[in-house]
Colleague: 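Starting off with a structure, shown below.
Whatever order the structure lists ligands and atoms in, that order sets their numbers, starting from 1.
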Amino acid sequence: MSATIIDGKAIAARVRGEVASAVQTFAARTGRAPGLATVLVGEDPASAVYVGGKQRACAEVGMVPFDRRLPADASFEEVADELRSLNGDAAVSGVLLQLPLPGDLDGAALTAMIDPGKDVDGLTPVNAGLLALGLPGLRPCTPSGVMELLASVDTKLEGAEAVVIGRSNLFGKPMAQLLLAENATVTTCHSRTRELGEVCARADVLIAAVGRARLVTREFVKPGAVVIDVGMNRLTPEEAGNKSGLVGDVDFDAVSEIAAAITPVPGGVGPMTIAYLLVNTLQAARALAGIQ
Ligand code: NAP
């Protein structure tokens, strides 16, 4: 068997196009386009690249980007003041604090200060709680994007065995909740899981978000499973040989021979994260404007 390759780039482009046309409708109705504020503390190059990508994507769909930057030695109170000011700014529909923060700034405490109605990363305790309770709220972007990728290949989730490797607040936990809400039987694995390969081999849907290159080998995968690779791992030039230096958590070449469908890295899950940031910003803007 040779797996269907799930084209996250194309699906994300479609989602962004849908957001762009909805932004026009929203702006015509309210007289203002949704605004997305990113807050970057310090000058970590990777974080600056991520923030730049989010700003560009936001402008491309007709939203208004607000680019707030603070120095690496900013105090907790200075970052908190910036977040309070954005919470109170009616032109800003969504607020995103780029993590990780430098030094000993407490990212979780600062994230919790974002107005839950503007929490477009879905990471505040309020939105995490709403998800756990099955109530409407803003959901974390990457797991929401994965749900769209699963739907794109008509994955049957009801009653399916779904295994998520990774239990981070950013991805693994909300991913498990979203799958549970669709009536999958969900197992969450982590670094203390015993017989990881055997647990994974039960999965109809296997989702890896670990950060270990090619941890998921062919032996981990049940033939016919849908495999989603969230991991992003940079190989050294020696490890990469003549191939791209970015690989996922799944041994793509071997697993794609037996899976029913699989996401590549790059071009799978990654593009969906920004697409869903835009979806969430539109959702937040509508809710703030009282539009269904
Ligand atoms: P994280 O917070 O570091 O969590 C990693 C998880 O993997 C933890 O739950 C950890 O278990 C588990 N783990 C580590 N080693 C393991 C092993 N040998 N066997 C089983 N589980 C193991 O990472 P994250 O933020 O969730 O991200 C995970 C990966 O996804 C990273 O590569 C990241 O770059 C990528 N990612 C990509 C996107 C995207 O947009 N494409 C978005 C988010 C994340 P413990 O809890 O026991 O430590």
Side-chain angles (χ1 to χ4, degrees), residues 6-13 15-16 38 44-47 49-54 56-57 96-101 107-108 111 120-123 128 131 139-150 162-179 186-203 206-217 219-221 227-236 239 244-252 262-280:
I6 303 175
D7 186 348
K9 223 170 145 185
I11 297 165
V15 171
R16 284 157 74 144
T38 54
D44 174 60
S47 293
V49 169
Y50 290 140
V51 164
K54 291 168 187 175
R56 267 195 309 283
L96 178 159
L97 177 63
Q98 185 66 39
L99 300 174
L101 295 175
T111 297
V120 284
D121 263 342
L123 295 178
L131 172 58
R139 308 304 196 210
C141 304
T142 311
S144 296
V146 169
M147 293 304 282
E148 177 101 27
L149 295 178
L150 291 172
V163 172
V164 181
I165 322 176
R167 58 173 164 179
S168 66
N169 293 332
L170 178 73
F171 182 80
K173 284 180 193 161
M175 186 72 250
Q177 298 278 0
L178 289 174
L179 292 164
V186 185
T187 305
T188 304
C189 300
H190 46 78
S191 65
R192 318 286 168 84
T193 299
R194 279 182 279 136
E195 311 300 346
L196 181 67
E198 282 174 32
V199 178
C200 292
R202 292 204 304 259
L206 178 61
I207 301 178
V210 180
R212 301 228 166 168
R214 302 183 185 125
L215 173 84
V216 175
T217 57
E219 291 67 41
F220 280 43
V221 178
V227 179
I228 304 287
D229 191 353
V230 184
M232 290 198 300
N233 309 291
R234 195 143 295 279
L235 300 179
T236 62
E239 288 168 330
S244 150
L246 188 65
V247 297
D249 291 343
V250 177
D251 183 350
F252 181 87
I262 187 168
T263 56
V265 177
V269 173
M272 298 304 288
T273 300
I274 289 193
Y276 266 80
L277 178 64
L278 303 173
V279 169
N280 279 357

Colleague: Could you tell me the residue and atom name of the protein heavy atom closest to atom 35 (C) of ligand 1, and the distance to it rounded to 0.1 Å?
Modeller: V230 O, 3.3 Å

Colleague: Determine whether the side chain, the backbone, both or neither of T193 has a heavy atom under 4.0 Å from any heavy atom of ligand 1.
Modeller: neither

Colleague: Between N280 (side chain) and V120 (backbone), is there a donor-acceptor pair under 3.5 Å?
Modeller: yes

Colleague: Need the ligand 1 atom indices (1-based, order shown) with element for anything under 4.0 Å from a heavy-atom of A209.
Modeller: 5 (C), 6 (C), 7 (O), 28 (C), 29 (C)

Colleague: In terms of residue, atom name and distance, what is the protein heavy atom nearest to atom 18 (N) of ligand 1?
Modeller: R212 NH1, 3.8 Å

Colleague: Please write down residue, atom name and distance for the protein heavy atom closest to atom 5 (C) of ligand 1.
Modeller: V210 O, 3.5 Å

Colleague: What protein heavy atom is closest to atom 46 (O) of ligand 1, reported as residue, atom name and distance in Å?
Modeller: R167 NE, 2.7 Å

Colleague: Determine, considering heavy atoms only, which of V247, L99, T273, T263 sits nearest to atom 39 (C) of ligand 1.
Modeller: T273

Colleague: Among all protein heavy atoms, pick out the one at the shortest distance from atom 32 (O) of ligand 1; state its residue, atom name and that distance to 0.1 Å.
Modeller: M232 N, 3.0 Å

Colleague: When you measure from atom 11 (O) of ligand 1 to every protein heavy atom, which one gives the shortest distance, and what is it?
Modeller: S191 N, 3.1 Å

Colleague: Tell me, which protein residue and heavy-atom name are nearest atom 42 (C) of ligand 1, and how many Å apart are they?
Modeller: T142 OG1, 3.4 Å

Colleague: Identify the closest protein heavy atom to atom 19 (N) of ligand 1: which residue and atom is it, and at what distance?
Modeller: L196 CD2, 3.7 Å

Colleague: Counting only heavy atoms, tell me which of G231, G211, S168 gets closest to atom 24 (P) of ligand 1.
Modeller: S168

Colleague: Among N169, L101, L99, exactly one meets side chain to side chain contact (heavy atoms under 4.5 Å, CB included) together with T111. Which residue is that?
Modeller: L99

Colleague: Rounded to the nearest 0.5 Å, what's the gap from OH on Y50 to CG on L277? Could you check?
Modeller: 14.0 Å

